[in-house]
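Below: one structure, written as structure tokens.
Numbers here are sequence positions counted from 1.
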Amino acid sequence: MDSSLHEVWQAAAGSPFLPTVGKNSQFLVAFLLMLLGIFITGLLALNRSLVNLTTLGIPASLAFAFGTVYMFCAVGVYV
């Protein structure tokens with residue numbers, strides 16, 4: 001850690017941050033993720049078993065969670 005703050009600043013200037021989801025499409029991605037989470041949760045409710053809990057429940061909760069975070073970012077509320 002011999003580098004100074006100025007050197008770190010200069011190195012960071014050469015590689016700008018590019019988000020995975022662009023600002024103009026965050027709302028669409030959030031809406032689709034939340035819709036997917038609700039749909040998969042409905043499938044899980046129809047046939048509850050231990051296998052479906054791991055194959056449907058975990059992806060549904062992740063899709064709903066990431067959709068909620070993107071929705072907050074899309075409307076300007078940062079968590």
Side-chain angles (χ1 to χ4, degrees):
M1 300 289 306
D2 293 331
S3 60
S4 67
L5 181 60
H6 181 69
E7 291 173 2
V8 172
W9 185 268
Q10 292 298 326
S15 59
F17 173 72
L18 297 173
T20 305
V21 179
K23 189 158 184 84
N24 294 334
S25 61
Q26 281 183 352
F27 186 79
L28 177 66
V29 169
F31 184 74
L32 290 176
L33 281 172
M34 290 180 74
L35 196 64
L36 180 69
I38 291 169
F39 177 73
I40 294 175
T41 302
L43 288 178
L44 179 65
L46 291 175
N47 186 9
R48 291 184 288 174
S49 69
L50 188 60
V51 173
N52 282 343
L53 183 64
T54 58
T55 59
L56 294 177
I58 294 172
S61 64
L62 287 174
F64 191 72
F66 282 110
T68 305
V69 169
Y70 276 129
M71 187 67 73
F72 280 134
C73 291
V75 296
V77 179
Y78 297 100
V79 204

If you take all heavy atoms of Leu36 and Ala63, which pair is closest and at what distance?
CD2-CB, 4.4 Å
Would you compute the distance between atom CG of Leu56 and atom CD1 of Ile58 and round it to the nearest 0.5 angstrom?
10.0 Å
Are Asn47 and Leu43 packed together at the side-chain level, in the sense that at least one heavy-atom pair is separated by less than 4.5 angstrom?
no
How about Met34 and Thr68: do any of their side-chain heavy atoms sit closer than 4.5 Å?
yes
Ignoring hydrogens, what is the shortest heavy-atom contact between Asn52 and Leu44? Give both atom names and the distance.
O-CD1, 3.4 Å
In terms of heavy-atom contacts, Ile40 and Ala60 come closest through CG2-CB, 3.5 Å
To the nearest 0.5 Å, what is the distance between CG on Leu50 and OG1 on Thr55?
9.5 Å
Side chains of Leu28 and Leu32: closer than 4.5 Å at any heavy-atom pair?
yes
